[in-house]
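These notes concern the structure reproduced below.
Excluded from the calculations below are hydrogen atoms, water molecules and symmetry mates; all remaining heavy atoms, backbone and side chain alike, are included.
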Amino acid sequence: MPNSPQKGNLEHFVHRATACPTENSSFRPSQCILISNFLEIIQLWFIFAFQLFIKINTLMIARTQELTARELEVLKLLSCGLNSKEISERLYISTNTVEYHRKQLLRKMEARNAAELIGKAYRMNILKVEE
């Protein structure tokens, strides 16, 4: 076969499975049906996983639209490495208020700590890398 995939890889296996039954096939017809059904299930699973990923991503984007302007300011200053006291001095608010905004950010972004919060903010393009 001039255009058949290389022996030993997944494409070769799929090609052999979908090309059968023939006299040269190493699969019986019943095996071909099972393989074909299995491949359909895998394909459906990937479609489902992709659709789920899109829905989760959409929900996360919608959630970030709930961030207040002050929460975004606190998030930007956290990403610069400032602690709550330094942020409070920079924004002229109390340390307790900064802590409140941090807790709200962690809750809304479903993060466990500041590092995870900042990482998610960059991945979701809430924060952008400055050149």
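- The OG atom of Ser79 sits 5.0 Å away from atom CG of Leu127, with the distance rounded to the nearest 0.5 Å.
- Surrounding NZ of Lys128 are more than 12 heavy atoms belonging to other residues, nucleotides or ligands, all under 6.0 Å away.
- Atom CG of Leu78 and atom CG of Leu117 lie 6.5 Å apart (nearest 0.5 Å).
- With rounding to the nearest 0.5 angstrom, the CZ atom of Arg102 is 13.5 Å from the OG1 atom of Thr97.
- By the criterion of side-chain heavy atoms lying less than 4.5 angstrom apart, applied directly or through intervening Ile, Leu, Val, Met, Phe, Trp or Tyr residues, Leu34 is not grouped with Phe38; the two fall into different hydrophobic clusters.
- Side-chain contact check for Ile126 versus Met109: some heavy-atom pair is nearer than 4.5 Å.
- Taking CG of Asn83 as the start and OG1 of Thr95 as the end, the distance is 8.5 Å to the nearest 0.5 Å.
- Trp45 is connected to Ile42 through a chain of hydrophobic side-chain contacts under 4.5 Å among Ile, Leu, Val, Met, Phe, Trp and Tyr, so both are in one cluster.
- When side chains are defined from C-beta on, Arg112 does not count as touching Leu106, because their heavy atoms never get closer than 4.5 Å.
- For Glu86, there are no side-chain hydrogen bond (donor to acceptor under 3.5 Å, both in side chains) partners at least two apart in sequence or on another chain.
- Taking CD1 of Ile87 as the reference point, atom CD of Glu89 lies at 10.5 Å (rounded to 0.5 Å).
- We find that Lys108 and Glu71 are joined by a salt bridge, their nearest charged nitrogen and carboxylate oxygen being less than 4.0 Å apart.
- Contact check for Val98 versus Leu77: no side-chain heavy atoms found under the 4.5 Å cut-off.
- Atom CD1 of Ile41 sits about 13.0 Å away from atom CZ of Phe46, to the nearest 0.5 Å.
- Using a 4.5 Å cut-off between side-chain heavy atoms of Ile, Leu, Val, Met, Phe, Trp and Tyr, with links allowed through other members, Leu105 and Leu91 fall into the same hydrophobic cluster.
- Between Glu73 and Arg70 a salt bridge is recorded (basic side-chain N to carboxylate O distance below 4.0 Å).
- Cluster membership check: Val74 does not share its hydrophobic cluster with Tyr92, using side-chain heavy-atom separations under 4.5 Å among Ile, Leu, Val, Met, Phe, Trp and Tyr.
- With a 4.5 Å cut-off on side-chain heavy atoms, Lys120 and Glu110 count as touching.
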